[in-house]
Amino acid sequence: MLRLTDSLTGDKVEFTPRDSGKASVYWCGPTVYDAPHLGHARSTLAFDILVRYLRWTGLDVTAVSNITDIDDKIIARAADEGTTEPELARRFEDVFIAEMDRLDVAHPDVRPRATEYVDAMLDVIGQLVDRGMAYATDSGVYFDVDRLDGYGALAGQTPDQLREGAGARVEVDDDKADPLDFALWKAAKPGEPSWDSPWGPGRPGWHIECVAMSLDLLGDGFDIHGGGDDLVFPHHENERAECLGCDRPFARLWVHNGMVQVGAEKMSKSLGNFKTLAELLDEWDPRALRLLVLQTHYRKTMEIGPATLATAATALERLDGFARRAAAAGLPHADADAGTVDRFREAMDDDLGTAAAVAIMFDAVRDANRALDAGDTDTTAALSAAVTELAGVLGLRLVADSTAGDDDAEVDELVEARAAAKEAGNYAEADRIRDELTARGIVLEDTPTGTTWRRA
RNA sequence: GCACCGGUGCCCGAGCGGACCAAGGGAACGGCCUGCAAAGCCGUAAAGCCGCGGGUUCAAAUCCCGCCCGGUGCUCCA
């Protein structure tokens with residue numbers, strides 16, 4: 001039974017779906033005003049892994065993750081670039097999806113766009129106004145925080161505590177009755193995109209889109225709502241307020257992933273650090289990033305940089321190497337080793353303990369290598385099947401064959417020529433060929449049974 | 001200032017009351033393999049007590065109190 005840490009209470013609780021045998025999961029996707037960064041990758045991977053695991057345990061999962069395609073930053077950036085908001089938003093949405101595809105992230109079942117849910121948002125705002133939970137002014141419609149019991153529960157603070165900090169970083173808006181009140185609907189300003197509403201032309205405030213979309217697609221009281229830690233307040237706090245303000249049950253469980261750190265020097269091109277996800281994925285195998293993320297618990301702040309990626313890439317190579325070795329061994333078909341799978345499930349059930357789960361996978365690799373050395377192909381086959389299955393659940397595709405290329409035949413010839421030279425004792429020639437292949441990015445692997453090769 | 005999350009070997013990072021498990025990965029060292037290498041595989045050691053100081057307990061890296069340090073949030077950032 002899966003147990004997850006609920007951000008609302010801080011407790012680890014058993015995950016019991018609203019509808020038996022099913023699971024409904026919503027997590028906050030990006031606001032598409034720029035290219036995705038490491039944080040988007042970490043968060044998206046975290047929920048990809050959650051969804052994959054839920055499916056593996058047999059649940060019928062409906063996964064929804066939004067695209068916020070209208071907001072201040074999008075408007076500002078579109079103006080800067082002299083383009084339209086829809087064009088800009090669509091462009092960065094495409095980039096986001098393309099980068100996530102490189103990471104082998106499974107697409108959510110539904111990826112709603114905020115601009116397609118304006119009517120639904122207006123409906124929620126209407127409910128709040130009707131119930132007296134919100135009020136309209138010249139500048140928009142605001143949620144009245146005083147009218148809701150327990151505002152601040154997600155943030156772990158009382159309204160008074162929040163008021164003390166209000167304005168600490170951002171200026172407080174003018175005609176709100178209380179600094180904590182927040183905009184549900186913003187009155188249109190000249191030159192900005194707007195929609196008609198009972199409160200005049202305008203555009204949605206933040207928060208409201210996720211409520212409208214999650215409730216519409218997953219229904220009241222859906223199972224899991226997640227996102228990055230930085231969204232806990234105010235974003236999720238306010239979503240929660242909006243839903244509860246309508247007297248409707250919101251998410252049953254809140255899951256938040258930790259932030260990414262890139263060292264004291266921060267991300268900076270001039271320092272040679274990584275700037276965008278695309279740059280990083282150009283340089284490293286995307287699977288190395290996934291493995292790195294897996295090796296850290298999802299709730300913990302983690303460091304991503306060249307050093308940690310390099311170790312992950314080496315570790316990944318160990319897995320691929322095993323996959324190659326297993327493929328070459330021509331193992332008999334076998335069911336996945338039950339002990340390994342059980343331990344994996346146990347680790348994952350404990351708040352998605354992916355680090356422990358990965359450790360179990362590496363244990364299986366070591367045991368399998370040992371069994372193979374000992375000539376125990378049955379044991380090797382069972383462990384190998386387990387490794388493949390677990391890697392699959394974690395979204396790691398192991399590569400057993402990396403020879404494919406245009407010059408395969410030529411490389412084969414050179415490898416044979418080298419073998420012949422070695423046979424004849426002409427080591428100078430053999431080494432010359434070896435150097436030539438190395439320069440071409442071909443890695444030779446001499447084994448007792450002959451030489452294999454692959455591309456680096 | 002308030003809230004939350006952290007501080008574990010050379011590095012990254014599991015563990016969060018009790019068994020010889022302080023995992024796993026990287027690095028290091030040794031061995032196998034090799035014409036020599038590389039790659040690969042196997043193995044080994046390594047944290048004198050898990051930020052500091054108290055406390056609770058038969059038992060704490062794991063719970064409580066205080067302190068120090070880092071990160072995040074406090075209205076639009078995953």
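In what follows, every chain begins at residue 1, and chains take the letters A, B, ... in the order their sequences are listed. Predicted model, so just to flag it, every value in this text is computed and none were measured.
- Taking atom P in both A27(B) and C64(B), the straight-line distance is 38 Å, to the nearest Å.
- Comparing Gln157(A) and Asp363(A) by the nucleotide of RNA chain B whose heavy atom lies nearest to each, the residue mapping closer to the 5' end is Gln157(A).
- With respect to Asp363(A) and Arg366(A), a salt bridge is recorded, a charged nitrogen being found less than 4.0 Å from a carboxylate O.
- Sorted by first then second residue, the ring-ring contact (aromatic ring centres under 6.0 Å, His included) pairs that include residues 342-374 of chain A, not counting sequence neighbours, are Trp56(A)-Phe344(A).
- Among the heavy atoms of the strands lying under 4.0 Å from Gly39(A) is at least one base atom, whether or not backbone atoms are also near.
- His235(A) places its NE2 atom 15 Å from the P atom of G73(B), with the value rounded to the nearest Å.
- Taking a pair as Watson-Crick or G-U wobble with both distances under 3.5 Å, the runs of three or more consecutive pairs in RNA chain B are B:1-7 with B:68-74, B:10-12 with B:24-26, B:28-32 with B:40-44, B:51-55 with B:63-67.
- At a cut-off of 3.5 angstrom, the base of C76(B) holds at least one donor-acceptor pair with the side chain of Lys186(A).
- Here the P atom of nucleotide A78(B) and the CH2 atom of Trp27(A) are 15 Å apart, to the nearest Å.
- Spacing between G40(B) and G48(B) at atom P, rounded to whole Å, works out to 31 Å.
- Using a 4.0 Å heavy-atom distance criterion, Ala315(A) is classed as a sugar-phosphate-only contact.
- Side chain Asp446(A) to base A39(B): no donor-acceptor pair is found below 3.5 Å.
- In the interface, the side chain of Arg434(A) is not paired with the base of A38(B) through any donor and acceptor atom under 3.5 Å apart.
- A stacked arrangement is assigned to Tyr427(A) and the six-membered base ring of G35(B), with a centre-to-centre distance below 5.5 Å and an interplanar angle below 30°.
- If you take atom C1' in C41(B) and the same atom in C49(B), they sit 35 Å apart, rounded to whole Å.
- Residues from residues 43-51 of chain A placing a heavy atom under 4.0 Å of any atom in RNA chain B, listed by number, are Ser43(A).
- Judged purely by distance below 3.5 Å, without hydrogens or angles, the side chains of Asp181(A) and Tyr135(A) pair a donor atom with an acceptor atom.
- With rounding to the nearest 0.5 angstrom, the NE2 atom of His207(A) is 14.5 Å from the SG atom of Cys243(A).
- Remark on RNA chain B: of its neighbouring residues Asp72(A) and Ala155(A), the 5'-side contact belongs to Ala155(A), judged by nearest-heavy-atom nucleotide.
- A donor N or O paired with an acceptor N or O is not found under 3.5 Å between the base of G71(B) and the side-chain atoms of Asp230(A).
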